[in-house]
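All ligand and atom numbering here is 1-based and tracks the order in the structure. What you see below is based on every heavy atom in this structure, not just the backbone, and it leaves out hydrogens, waters and symmetry mates. In what follows, residues are counted from 1 in the order of the sequence shown. Keep in mind it's a predicted model, so treat the numbers as computed, not measured.
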Amino acid sequence: MTVTIEHSGEIAVVTIDNPPVNALSQAVRQDLWNAAETLDADFAVRAVVLICEGRTFIAGADVNEFGKPPTPPHLPDLVARIETAAKPWVAAIHGSALGGGFEVALGCRFRVAVPSASVGLPEVRLGIVPGAGGTVRLPRLVGPALAAEMVTAGTPVAAPKARSHGLIDAVVEGDLEKGAIDFARAALDQSLPLPLRQRGVPAVDATFWETITTAVAGRAKREDAPLRALACVRKAAEADFEAAMAFERQTFLELRGSSQASALRHVFFAERAALRPPELGGVEPRRISSAAVIGGGTMGAGILAALCDARLPVTLVERDEVAVERGLSNLRSIFDGLVKRGKISSEAAAERLSAVTGTTDYGLLARVDLVIEAVFEDIDVKRDVFSRLSAVCRADAVLATNTSYLDPEEIAAGIKYPERFVGLHFFSPAHVMKLLEIVPTAQTAPATLATGFALARMLNKIPVRAGICDGFIGNRILKITRAQAERLLLAGATPQAVDAAMRTFGFPMGPFEAQDLGGLDIAAFQRRAARARGETPFAPIAERLCALERFGQKSGGGWYDYARGDRTPKPSKIVADIIADVAKGMPQRPWDEPSIVDCIVLPMVNEAVKILHEKVALRAVDIDLVKIHGYGFPRWRGGPMHYAQQRGLAEIVAQLERFAAHGLADPPCHHFDSAARGSDTIGIDVPA
Ligand code: 3H9
């Protein structure tokens with residue numbers, strides 16, 4: 001039984017208990033329907049409180065049911081049943097009332113919540129619109145402007161703000177059930193407000209819809225759901241209740257089966273699964289209640305900020321007092337920026353900074369639980385740091401290196417207790433970027449590895465385990481992205497055309513704009529290291545740009561020219577001449593946007609398949625998470641592996657073969673080819 005009924009005098013208390021998040025499965029919907037029938041027939045009951053067990057109020061429809069045919073009672077009917085019940089229902093909210101959960105609350109005559117609760121309609125984040133009246137009832141409650149903002153952005157609203165907007169009727173301090181019962185009793189003494197279905201939608205001025213459509217289209221980029229959700233709110237404002245409900249339901253059902261919704265659901269479940277990799281089931285992580293960072297440069301300061309956000313006391317170690325002061329000042333500017341942008345209060349920033357100690361003394365690390373090294377990418381410098389840490393730290397302290405290209409095995413060589421060592425690859429800015437690649441060595445103990453995942457949870461990051469190879473998962477694929485982008489230039493495309501095509505595909509920036517932003521010198525440094533290892537990296541044009549010290553925005557020019565103080569990329573004659581020179585004698589061809597995208601994205605998939613089969617990534621979804629959270633791959637495409645699976649492996653293999661025949665890409669790797677021919681998957685566990 002997922003729903004129970006108890007009585008407190010004339011108030012009935014309906015409690016849902018469907019862990020983990022009280023999602024509205026068919027069983028819950030049926031039980032709630034039955035409860036409404038029972039309570040309508042019970043003359044002793046005058047009002048109903050709807051409350052939930054566990055960590056949250058109803059978090060929404062059960063997303064697991066989305067791949068299956070809808071089964072009755074349908075949620076819109078259930079919400080209507082509650083709304084038209086003979087007695088008023090009061091939703092008593094703790095945790096989150098989201099999606100279908102908030103729609104049920106909107107069907108209730110009243111909503112009360114604890115101060116820490118939040119309410120919202122986040123359906124657009126799953127590529128759909130609310131499907132149980134959210135877009136129709138919400139504008140009747142708070143007007144079209146706030147309703148449009150809430151359904152198109154999907155951001156939940158915290159209880160105090162929700163109260164001031166009229167989304168909820170009261171904030172309950174203390175015991176929620178008691179507070180809700182008291183509220184219901186008091187409400188019965190007054191005249192009841194109309195149910196939302198009987199209320200009108202306040203008028204908006206003539207330009208409102210045009211203005212908000214432009215704003216939402218700009219934010220949504222190529223995601224369909226936000227504009228479709230806005231259309232539902234507009235319908236609610238312009239048609240009657242029933243017509244608006246039918247329009248919303250139709251839109252919901254159409255989007256539910258869309259490829260964007262399928263991709264976003266795939267990512268939703270992948271993100272949650274990432275925190276608990278099955279191979280670490282039952283392994284206890286070490287306790288982390290203090291941490292240290294070695295090196296206070298850009299990366300080190302970002303890691304420090306992330307640790308401070310997790311409320312850990314942190315020590316920054318630098319080589320001399322000047323460097324300590326510089327590191328602390330880097331950290332201060334991160335928090336100053338957050339305060340300026342209104343992300344945190346100045347008091348919160350001060351509190352976080354007060355938990356940081358700067359020192360040059362490794363001796364202070366004797367009792368620390370976790371140390372993250374974030375010094376210059378130089379093997380000797382890093383090894384020196386670890387030999388000092390190895391001498392002072394507790395035998396069970398976790399020692400981590402933040403390296404993006406060096407081999408963690410080499411960094412750890414010779415340290416004491418190597419089982420406590422692990423690679424943690426953060427992405428810059430480390431306090432913002434969600435991805436954390438966790439790179440064990442052959443000697444890393446399972447408990448150390450599990451601690452990496454536990455740390456990711458503390459820092460609100462998405463952890464992905466990566467095996468050791470040049471660039472791990474993310475940067476190894478990035479190398480292919482960049483090489484393909486240059487191949488395109490040699491075959492007749494321009495940097496502007498390549499960047500525009502990748503933006504159309506959904507990346508926030510094209511590969512050349514991104515290099516200009518990050519700096520071409522970093523990759524040049526890595527290519528030098530690769531050549532020293534006997535490899536032959538492919539970047540003929542980038543090499544020429546670096547020789548001219550065109551390192552990107554910071555040097556006033558890279559793949560593009562930049563006017564002083566202006567970050568707008570301008571096509572560069574110098575770059576065009578270099579491309580023409582390097583491409584002399586090579587066949588040139590016209591390129592349209594889909595072919596440009598294929599020539600970059602499909603070789604990325606090919607590399608990803610190799611990565612999977614070398615076990616550098618354990619699961620295809622891990623590769624999707626890496627590219628989405630570290631490299632801007634559009635979330636609504638589900639990541640490269642999900643994209644490949646949806647597109648069809650046979651088609652991708654054929655396309656790669658065509659590119660390879662013209663020298664524009666490597667041929668499809670053996671595993672990819674055989675998976676496609678056997679109409680198999682490439683190890684992609686995509687939920688339906
Ligand atoms: C909707 O409602 C459509 C309607 O308008 C129309 C219908 C007709 N379903 O996030 P957590 C699982 S669309 C099924 O780690 P937290 C999740 O997979 C829905 N399962 O917890 C995980 O499972 P596991 C609109 C769900 O405490 C476990 O619960 N609602 C659902 O950090 C714990 O999740 C949303 O989009 C679900 N709806 O955060 C809300 N939600 O343990 C989505 C979660 O096996 N949910 N699970 O890995 C959330 O935002 C967070 O889960 C929440 C709790 C904030 C509630």
Practice problem: Could you tell me which atoms of ligand 1, counted from 1 in the order shown, lie closer than 4.0 angstrom to a heavy atom of Phe269? | Solution: 18 (O)
Quiz item: Checking Glu284 side chain against Ala447 main chain: does a donor-acceptor pair fall under 3.5 Å?
Solution: no
Quiz prompt | Least distance between heavy atoms, Pro139 atom then Gly134 atom | solution = CD-O, 4.1 Å
Exercise. Please determine which of Leu32, Val49, Thr38 meets the side chain to side chain contact (heavy atoms under 4.5 Å, CB included) test together with Val14.
Key: Leu32
Self-check item: Heavy-atom proximity to atom 14 (C) of ligand 1, best of Leu121, Ile58, Asp62
Solution: Asp62
Quiz item: Considering residues, nucleotides and ligands other than Glu65, do more than 12 of their heavy atoms fall under 6.0 Å from its CD?
Solution: yes
Quiz item: For ligand 1, which part of Leu24 has a heavy atom less than 4.0 Å away: the side chain, the backbone, both, or neither?
Solution: neither
Quiz item: Is Pro130 close to ligand 1, meaning an N/O of one under 3.5 Å from an N/O of the other?
Solution: no
Practice problem: Can you see which heavy atom on Cys108 is nearest to which on Leu50, and at what distance? | Solution: SG-CD2, 4.4 Å
Self-check item: Pair Phe102 + Phe57: ring centers closer than 6.0 Å
Solution: no
Quiz item: Of all the atoms in ligand 1, which lie at a distance below 4.0 Å from a heavy atom belonging to Leu98?
Solution: 40 (C), 50 (O)
Exercise. For atom 29 (O) of ligand 1, grab the closest protein heavy atom and report residue, atom and distance to one decimal in Å.
Key: Pro20 CG, 3.2 Å
Exercise. Give yes if a backbone or side-chain nitrogen or oxygen of Ala61 is under 3.5 Å from a nitrogen or oxygen of ligand 1, and no if not.
Key: yes
Exercise. Check each heavy atom of Arg249 against ligand 1 and say whether those closer than 4.0 Å belong to the side chain, the backbone, both or neither.
Key: side chain
Practice problem: Evaluate the ring planes of His642 and His266, with Trp represented by its six-membered ring, and classify them as parallel (under 30°), tilted (30 to 60°) or perpendicular (over 60°). | Solution: parallel
Quiz prompt | atom 19 (C) of ligand 1 [closest protein heavy-atom partner, distance rounded to 0.1 Å] | solution = Leu126 CD1, 3.8 Å
Quiz prompt | Taking atom 20 (N) of ligand 1 as the reference point, the nearest protein heavy atom with its distance | solution = Asn64 ND2, 4.0 Å
Quiz item: Taking both backbone and side-chain atoms of Gly131, is any N or O found less than 3.5 Å from an N or O belonging to ligand 1?
Solution: yes
Quiz prompt | Nearest-neighbour protein heavy atom for atom 26 (C) of ligand 1, which is reported as residue plus atom name and distance | solution = Val21 CG2, 3.8 Å
Self-check item: Atom of Met641, atom of Leu612 and distance for their closest heavy-atom approach
Solution: CE-CD2, 3.9 Å
Quiz item: Nearest heavy atom to atom 40 (C) of ligand 1: which of Gly127, Ala59, Gly60, Pro70 does it belong to?
Solution: Ala59
Exercise. Tell me which one of Glu65, Glu123, Arg125 gets a heavy atom nearest to atom 5 (O) of ligand 1.
Key: Glu123
Exercise. Would you check the N or O atoms of Gly100, main chain and side chain alike, for any that come under 3.5 Å of an N or O of ligand 1?
Key: yes
Practice problem: Please state which part of Arg276 comes within less than 4.0 Å of ligand 1, counting heavy atoms only: side chain, backbone, both or neither. | Solution: side chain
Practice problem: Answer yes if a protein heavy atom lies under 4.0 Å from atom 53 (C) of ligand 1, otherwise answer no. | Solution: no
Self-check item: Backbone or side-chain N or O of Ser96 under 3.5 Å from ligand 1 N or O
Solution: no
Quiz item: CZ of Arg222: more than 12 outside heavy atoms within 6.0 angstrom?
Solution: yes
Quiz item: Taking NZ, NE, NH1 and NH2 as the nitrogens, is one of them in Glu279 or Arg619 under 4.0 Å from a carboxylate oxygen of the other?
Solution: yes
Practice problem: From atom 21 (O) of ligand 1, work out which of Arg55, Glu248, Arg272 has a heavy atom at the shortest distance. | Solution: Arg55
Quiz item: Numbering the atoms of ligand 1 from 1, which are under 4.0 Å from a heavy atom of Gly99?
Solution: 2 (O), 25 (C)
Quiz item: So does Arg287 pair up with Asp369, basic N to acidic O under 4.0 Å?
Solution: no
Quiz item: Does NZ or CZ of Arg272 lie under 6.0 Å from the centre of the six-membered ring of Phe268, at an angle within 45° of the ring axis?
Solution: yes
Exercise. Kindly confirm or rule out an N or O of Glu103 lying under 3.5 angstrom from an N or O of ligand 1.
Key: yes
Quiz item: atom 9 (N) of ligand 1: which protein heavy atom is closest, and how many Å away?
Solution: Val63 N, 2.9 Å
Practice problem: Any chance you could lay out the side chain to side chain contact (heavy atoms under 4.5 Å, CB included) test for Ile623 and Ile477, step after step, and finish with the verdict? | Solution: CA-CA 10 Å; Ile623 298 173; Ile477 297 176; 3.9 Å; yes
